[in-house]
Amino acid sequence: MRYLLIALLILATSAAFTEARCDFPAIFNFGASSSDTGGSTAAFPPQISPYGMTYFGKPVGRASDGRLPIDFIAQGLGLPFLSPYLKSIGSNFAHGANFASSGSTILMPNTSSGISPFYLTIQLNQMKEFKNRVLELSPQGNYLPPKDIFNKALYIFDIGQNDFTRMLATVGIQGVRQYLPQMAFQISAGIKEIYNELGGRTFMVFNMAPIGCYPAFLTDLPHNNSDLDLYGCMISYNNEAQNYNKMLKEKLSETRNLLPDATIVYVDTHSIKLDLFQHPKDHGLVYGTKACCGYGGEYNFNVHVICGNTKVIDGKKITASPCKDPENYVSWDGVHTTDAANKLIALGVLNGSFSEPVFPFIKFCDLKPVG
């Protein structure tokens with residue numbers, strides 16, 4: 001598995017760039033910061049440098065130095081980057097919309113300790129309102145999709161990590177476990193809602209990341225050295241993430257049986273990310289559990305002065321600055337992944353071998369080069 005993504009990278013970047021067909025003319029995405037293309041910064045204070053430094057050259061609302069997996073996936077399908085639903089100026093929704101917002105959770109914020117009001121139910125309500133407006137207004141200009149787009153689109157769920165991590169420090173692993181079945185249930189309910197009310201038929205659900213490998217959590221979550229694996233990742237937290245993933249996979253299987261004419265794909269991005277963290281050099285990277293943008297310690301992360309910020313701590317002025325070579329890092333700011341890592345994650349998704357059932361996009365679309 002460690003060499004699969006490199007082989008796919010060579011394949012994707014060497015493909016001929018031609019006009020191509022794709023069974024998915026649009027993507028509708030639900031999620032948090034790992035797939036937020038600017039929704040949060042449209043609603044709350046703008047992002048600061050050095051976010052966006054690698055690809056966009058400025059902050060564009062993405063929690064990375066550049067692009068996110070959803071950007072590369074859209075590119076691979078020959079679609080433009082998804083506009084955030086919350087962004088009123090400069091958005092184009094002809095090929096879908098992104099309802100993701102940083103800090104979002106699956107469960108209600110007062111239940112899951114999230115910091116964003118745009119939890120999954122709100123994002124789904126926004127999606128339904130989006131369809132209502134399209135049916136009312138389209139065609140009008142070229143910024144809205146055709147009215148028949150909704151049963152042809154690809155619906156992606158990339159959400160749940162905030163539910164998990166925001167409770168760990170306070171209630172611990174045992175306390176978090178009681179919420180995991182509810183999270184899986186709500187994902188299933190969201191799929192059924194889109195299926196019944198919007199006509200959606202193709203769904204992809206990304207599972208939970210190996211949070212035990214992220215610099216921020218390695219710094220802040222309680223653990224001892226005996227809980228670290230050979231690669232420096234926390235075993236107990238990764239195991240619990242996998243417990244949720246097992247529940248999610250089983251719930252999606254149940255949902256698949258209830259909706260036989262729908263395609264419901266479970267995507268094991270956990271395995272892709274885990275391999276990047278544990279074997280970065282096998283994928284052309286160097287640093288696994290060390291953040292590019294941060295300050296101090298083994299993991300270059302300090303919760304009191306996060307990426308791009310300057311603070312005075314103990315009388316000393318401290319700035320969390322970016323590294324000069326983010327292309328060598330898996331982790332961008334301790335919580336999110338770099339442009340380079342996100343490209344590899346997206347290639348793994350597009351390949352289809354990390355999906356159940358196996359879902360190679362090349363069967364449905366003439367893939368564009370990703371780069």
Side-chain angles (χ1 to χ4, degrees), residues 27-42 47 51-52 54-56 59-75 81-82 84-86 97-106 112 114-116 118-120 123 154-166 183 187 190 204-217 237-238 241 244-245 248 266-277 291-293 301 306-307 326 329-350 354:
I27 299 173
F28 294 105
N29 182 73
F30 310 91
S33 56
S34 58
S35 62
D36 179 1
T37 54
S40 181
T41 56
Q47 200 175 48
Y51 285 88
T54 295
Y55 182 78
F56 299 99
V60 291
R62 288 163 171 80
S64 173
D65 61 310
R67 294 154 291 185
L68 306 178
I70 190 68
D71 292 316
F72 289 109
I73 291 170
Q75 184 181 27
F81 293 159
L82 291 185
Y85 176 76
L86 294 173
N98 193 354
F99 301 91
S101 179
S102 295
S104 293
T105 52
I106 295 174
S112 58
I115 61 171
S116 170
F118 302 108
Y119 66 105
L120 183 57
Q123 293 183 25
L154 173 65
Y155 296 84
I156 297 178
F157 290 76
D158 184 9
I159 190 169
Q161 185 168 310
N162 290 322
D163 296 80
F164 194 84
T165 59
R166 296 195 187 285
M183 292 164 56
I187 293 289
M204 300 196 82
V205 181
F206 295 1
N207 66 2
M208 188 178 296
I211 60 110
C213 297
Y214 283 74
F217 307 128
Y237 295 105
N238 280 347
Y244 167 73
N245 290 339
L248 176 64
Y266 168 88
V267 187
D268 186 14
T269 52
H270 178 104
S271 290
I272 302 174
K273 295 175 182 178
L274 183 65
D275 205 47
L276 292 177
F277 278 117
C292 166
C293 186
F301 180 84
I306 58 176
C307 179
Y329 286 74
V330 177
S331 175
W332 162 241
D333 59 3
V335 182
H336 308 99
T337 38
T338 60
D339 181 277
N342 289 334
K343 180 177 181 178
L344 294 171
I345 294 165
L347 288 171
V349 175
L350 290 169
F354 293 93

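Bear in mind that the values here come from a model prediction, so they are computed numbers and not experimental data.
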Measure the shortest side-chain to side-chain distance between Asn238 and Cys213 over non-hydrogen atoms and say whether it is less than 4.5 angstrom. yes

With rounding to the nearest 0.5 Å, note down the distance linking CD1 in Ile211 to NZ in Lys273. 12.0 Å

Is it possible for you to check whether Arg62 lies under 6.0 Å from the centre of the six-membered ring of Tyr55, through NZ or CZ, and within 45° of that ring's axis? no

First locate atom CG of Asn29, then atom OG of Ser34, and finally report the distance between them rounded to the nearest 0.5 Å. 8.0 Å

Is there a side-chain contact between Tyr266 and Val205 (heavy atoms, below 4.5 Å)? no

When rounded to the nearest 0.5 angstrom, what is the spacing between CG in Leu82 and CG in Asn98? 5.5 Å

Steps toward side chain to side chain contact (heavy atoms under 4.5 Å, CB included) verdict (Leu344, Ile272): CA-CA 8 Å; Leu344 294 171; Ile272 302 174; 5.7 Å; no

Any non-hydrogen side-chain atom of Ser35 less than 4.5 Å from a side-chain atom of Ile156? no

Min side-chain heavy-atom separation Phe72-Val349 under 4.5 Å: no

Rounded distance [0.5 Å steps], OH in Tyr85 versus OG in Ser101: 13.0 Å

Output the distance between atom CZ (Phe99) and atom CG (Leu120), rounded to the nearest 0.5 Å. 11.5 Å

List the residues meeting salt bridge (charged side-chain N to carboxylate O under 4.0 Å, His left out) with Asp339, not counting sequence neighbours, and say none if there are none. Arg67

Between Thr54 and Thr338, is any pair of side-chain heavy atoms under 4.5 Å apart? no

Lys343 side, atom NZ; Thr337 side, atom OG1 - distance, nearest 0.5 Å: 14.5 Å

Identify which one of Tyr237, Trp332, Phe164, Phe277 satisfies the ring pair (Phe, Tyr, Trp, His ring centres under 6.0 Å) criterion when paired with Tyr214. Phe277

Decide yes or no on side chain to side chain contact (heavy atoms under 4.5 Å, CB included) for Asp333 and Tyr51, but give the supporting numbers first. CA-CA 9 Å; Asp333 59 3; Tyr51 285 88; 2.7 Å; yes

